[in-house]
Undergrad: 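Right, I'll just put the structure down here and ask away after.
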Amino acid sequence: MLDIKLLREQPDEVKRQFARFGVDGTLVDRVLVCDERRRTLLREVEELKAQRNTVSKAISKLRDAAEREPQIAAMREVGDRISLLDKALTQVEEEQRAALLELRNLPHPDVPDGKDDSENPVIYQEGEARQLPFPAKPHWELGEALGIINFEQGVKLAGSRFYVLRGLGARLQRATIQWLLDLHIRQGYLEVYTPFVVKEAALWASGQLPKFRDNLYRDEESGLWLVPTAEVPVTSLYADEILEAAQLPVHHVAYTPCFRKEQLSAGRDVRGIKRGHQFDKVEMYRFERPDQSYAALEQLRRDAEECARLLGLPFRTKLLCTGDLGFGSAKTYDVEVWAPGQGEWLEVSSCSNVETFQARRANLRYRPEPGAKPEFLHTLNGSGLGLPRTIIALLENYQQADGSIVVPEVLRPYMGGIAEIR
RNA sequence: GGGCAGGUCGCAUAGUCUGGUCUAGUGCGCGGCACUGGAAAUGCCGUACAGCGGAAACGCUGUCGAGGGUUCAAAUCCCUCCCUGCCCGCCA
């Protein structure tokens, strides 16, 4: 959510930034119209309430009924007027808030213009888009042949875009999750285990709503929603709280499954385990002082890159352009790993600084100095890493000519010492 | 699922029956000041958040779990919902 004061004071600059995303300024104008009307109504109704408070107090001191009656009658009318104005005020407030929630975040000055993901500049790379010394197989062929991925069983249980991991496949994923968590704990993140379902408010806070409503699973009866990413519960961990500056920064890592209907991408990536309705992810999340948040974004990116590096996967990092930048993000890096079987770079992490966007929605503040006024803090999130794609990259990079898979060194302690899947 | 008891200022509690003197009291914690060689103890003062107006000082409005209602006036009365604790039932 954007600061209403910014819209009031620099509407043209905000519209200019929106124009870079092909968004026109209609919503900005709507917010401002509401804001004007809201303040007019507010002034009037507060004046009446002040009057009523004063007179009501005076009435309580009057003994004589003859003196009280006319005052009470007068206040009855004032009361009617107040309830009328209050209703109008509530309505205009709701309209303004709804419009404000529809507004995307403004981009950081570093963000380049671009039409889509093809125009994201690569800013860092380690390793190459290498060819293997034999014809590389895609992970779905490797996985099925080894009996570690079963697509039919997934479909039988839950329909298309579901799969079952078996044996060392399931164990490899579990080992990777465990290793990732332990790595991030060493990097200074505090592990949290959260509910995998949340109230609707949490999805507004993190910015999933209103935009991705159609992409979310929900239980009508309880009003709870399945999390599409750990970012959602973690954002709201401290919602409506004021953190002391001394507590910051707060760094969390959370493992959760993620549930997405993926209707927005129907028909894309139908083969393999790249894009399913359910996947696992280890997520890093940082609550930072605003003046520290961009240094924190660089650190977050390095922490994500470290995962790929230690797993021995070729990776590169891109800076997202306007055409690919997420709704809530001010600046995002994507980390991609090379998958030789599919012959493509796979996004395994997206590291974003959303600045105050989520903090405002979650009403999450910190106190810069003891006794100072609370301010919204900055939040950042980054995968570390997304599991299916990491598994894809592991299978495809560590495959051998005979279709067996070498288990990366770092994962072996988590696999009971197993060095090879065959 | 049924019953009972609760939800008040950072924490703990008073206030709710009997609506107005609640500008929500008190204790603890926290901050400042005084006293002190320094400290403890003690005393005094202060101690929420948001919105609106204002250059500021400050003022007004709202917030006693949430929402609605009654009333000139609601922490207090009524309704709905949420949460917590305890008891019972059921059950992975």
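Per chain, numbering begins at 1; letters A, B, ... match sequence-line order.
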Undergrad: Just to verify, what does A:D35 make a salt bridge (Lys or Arg N to Asp or Glu O under 4.0 Å) with, not counting sequence neighbours?
TA: A:R8, A:R38, A:R39
Undergrad: Could I get the full list of salt bridge (Lys or Arg N to Asp or Glu O under 4.0 Å) partners for A:R412, not counting sequence neighbours?
TA: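 A:E409.
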Undergrad: State the pairing partner of B:A55; accept Watson-Crick or G-U wobble contacts with both distances under 3.5 Å, and report none otherwise.
TA: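 Paired with B:A55, as far as the under-3.5 Å criterion goes, is no nucleotide at all.
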Undergrad: Reading RNA chain B in the 5' to 3' direction, which nucleotide is the first one with an atom under 4.0 Å from a heavy atom of chain A, and which is the last?
TA: B:G20 to B:A73
Undergrad: For A:R360, what residues pass the side-chain hydrogen bond (donor to acceptor under 3.5 Å, both in side chains) criterion, not counting sequence neighbours?
TA: A:T356
Undergrad: Both distances below 3.5 Å, Watson-Crick or wobble geometry, any strand: find the nucleotide opposite B:G25.
TA: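 B:G25 is paired with B:U13.
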Undergrad: Any residue in residues 75-83 of chain A with a heavy atom nearer than 4.0 angstrom to RNA chain B? Just list them by number, or reply none.
TA: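 Within this stretch, A:M75, A:R76 sit under 4.0 Å of the strand.
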Undergrad: Could you work out, with side-chain contact (heavy atoms from CB on, under 4.5 Å) as the rule, every residue matching A:S236, not counting sequence neighbours?
TA: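 side-chain contact (heavy atoms from CB on, under 4.5 Å) check on A:S236 returns A:A202, A:A205, A:A239.
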Undergrad: Please name all residues satisfying side-chain hydrogen bond (donor to acceptor under 3.5 Å, both in side chains) with A:K318, sequence neighbours left out, ordered by chain then number.
TA: none
Undergrad: Got a sec, which residues hit side-chain contact (heavy atoms from CB on, under 4.5 Å) with A:S222, two or more places apart in sequence or on another chain?
TA: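 Per chain and number, A:S222 pairs via side-chain contact (heavy atoms from CB on, under 4.5 Å) with A:D219, A:L224.
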Undergrad: Checking A:E396 now: which residues fulfil salt bridge (Lys or Arg N to Asp or Glu O under 4.0 Å) with it, not counting sequence neighbours?
TA: none
Undergrad: Would you please name every residue forming a side-chain contact (heavy atoms from CB on, under 4.5 Å) with A:P195, sequence neighbours left out?
TA: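 Testing A:P195 for side-chain contact (heavy atoms from CB on, under 4.5 Å), a comparison that skips the adjacent residues, returns none.
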Undergrad: Can we say A:R302 and A:E306 salt-bridge, meaning some charged N sits less than 4.0 Å from an Asp/Glu carboxylate O?
TA: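 A salt bridge is absent here (no side-chain N lies under 4.0 Å from a carboxylate O).
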Undergrad: Could you tell me which residues satisfy side-chain hydrogen bond (donor to acceptor under 3.5 Å, both in side chains) with A:R213, sequence neighbours excluded, listed by chain and number?
TA: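 If we apply the side-chain hydrogen bond (donor to acceptor under 3.5 Å, both in side chains) test to A:R213, skipping adjacent residues, there are no hits.
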Undergrad: Under a 4.0 Å heavy-atom cut-off, which of residues 30-43 of chain A touch RNA chain B?
TA: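 Within this stretch, A:R38, A:R39, A:L42, A:R43 sit under 4.0 Å of the strand.
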